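So the structure is just underneath, and the comments pick up after that.
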Amino acid sequence: MSHQEFALADLKRILLEGAGADEGVDLDSDILDTDFEELGYESLALLETGGRIEREYGVEFDDDAFAENRTPRALVAHVNGLLQSAAA
């Protein structure tokens, strides 16, 4: 299944499906520039999230994807860059 764009709503859905949300973390607030660690997502939760994105969107993350993209805004942009590269 080919997706054209990855949006913040997609990331929120995948985070909730894969790891849930920490009590006291409101994913509906303005989280675009909040570090994943501050949102309660540690490396294992992010690995699960990355795996779900890879399967659902047909992209492949390198090992540094989450180290280099520490906020939802950065990760959404990274996934969209991967999708554009794959479509080209």
Side-chain angles (χ1 to χ4, degrees):
M1 178 156 57
S2 172
H3 293 273
Q4 298 306 314
E5 188 175 355
F6 184 72
L8 180 61
D10 299 312
L11 176 59
K12 287 180 186 178
R13 174 181 51 77
I14 290 170
L15 283 169
L16 287 170
E17 287 174 358
D22 270 10
E23 201 172 305
V25 172
D26 181 8
L27 289 181
D28 291 325
S29 65
D30 184 12
I31 63 165
L32 271 174
D33 297 309
T34 305
D35 192 288
F36 283 112
E37 208 169 279
E38 285 179 51
L39 294 171
Y41 295 102
E42 82 297 339
S43 57
L44 191 61
L46 293 176
L47 281 173
E48 169 67 20
T49 298
R52 285 173 178 263
I53 293 169
E54 287 178 331
R55 288 189 298 278
E56 193 170 320
Y57 287 84
V59 297
E60 196 170 310
F61 285 136
D62 59 35
D63 292 340
D64 297 328
F66 285 100
E68 294 169 358
N69 301 285
R70 303 219 25 95
T71 66
R73 181 189 307 272
L75 186 64
V76 167
H78 180 69
V79 172
N80 281 317
L82 293 172
L83 288 170
Q84 287 175 349
S85 295

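Keep in mind that what you see is a predicted model, and the values were worked out from it rather than measured.
In terms of heavy-atom proximity, Leu8 sits nearest to Pro72 at CD1-CB, 3.8 Å. Here the shortest heavy-atom pairing between Glu54 and Phe61 reads OE2-N, 2.7 Å. A pairwise comparison of heavy atoms in Ala65 and His78 identifies CB-NE2, 4.0 Å as the closest pair.
Remark: the backbone N or O of Gly51 is paired with a side-chain donor or acceptor of Arg55 at under 3.5 angstrom.
With a 6.0 Å radius and a threshold of 12 heavy atoms from other residues, nucleotides or ligands, Glu60 has its CD atom at or below the threshold. Atom CG of Asp63 is surrounded by 12 or fewer heavy atoms from other residues, nucleotides or ligands within 6.0 Å. Applying the 6.0 Å contact sphere to CD of Glu37 captures no more than 12 heavy atoms from other residues, nucleotides or ligands.
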Next on the checklist: Set out, in order, the CA-CA distance, both residues' side-chain angles and the distance that settles side chain to side chain contact (heavy atoms under 4.5 Å, CB included) for Leu15 and Arg52, then state yes or no.
Outcome noted: CA-CA 9 Å; Leu15 283 169; Arg52 285 173 178 263; over 6 Å; no

Checklist entry - Where do Glu56 and Asp10 land on the side chain to side chain contact (heavy atoms under 4.5 Å, CB included) test, with the steps shown first? => result CA-CA 10 Å; Glu56 193 170 320; Asp10 299 312; 5.7 Å; no

Item to check | Step-by-step side chain to side chain contact (heavy atoms under 4.5 Å, CB included) determination, Ile53 to Leu11 | outcome: CA-CA 8 Å; Ile53 293 169; Leu11 176 59; 4.3 Å; yes

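Ring planes of Tyr41 and Phe36: perpendicular class, angle over 60° (limits at 30 and 60°).
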Could you pull out all donor-acceptor pairs under 3.5 Å where a side-chain atom in residues 80-88 meets a protein atom, sequence neighbours excluded?
{"from": "Asn80", "atom 1": "OD1", "to": "Phe6", "atom 2": "N", "distance (Å)": "2.6"}
{"from": "Asn80", "atom 1": "ND2", "to": "Phe6", "atom 2": "O", "distance (Å)": "2.7"}
{"from": "Asn80", "atom 1": "ND2", "to": "Val76", "atom 2": "O", "distance (Å)": "3.2"}
{"from": "Ser85", "atom 1": "OG", "to": "Gly81", "atom 2": "O", "distance (Å)": "3.1"}

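By the criterion of side-chain heavy atoms lying less than 4.5 angstrom apart, applied directly or through intervening Ile, Leu, Val, Met, Phe, Trp or Tyr residues, Leu39 is not grouped with Leu47; the two fall into different hydrophobic clusters.
Inter-residue side-chain proximity for Asp28 and Lys12 is flagged as met; some heavy-atom pair is nearer than 4.5 Å.
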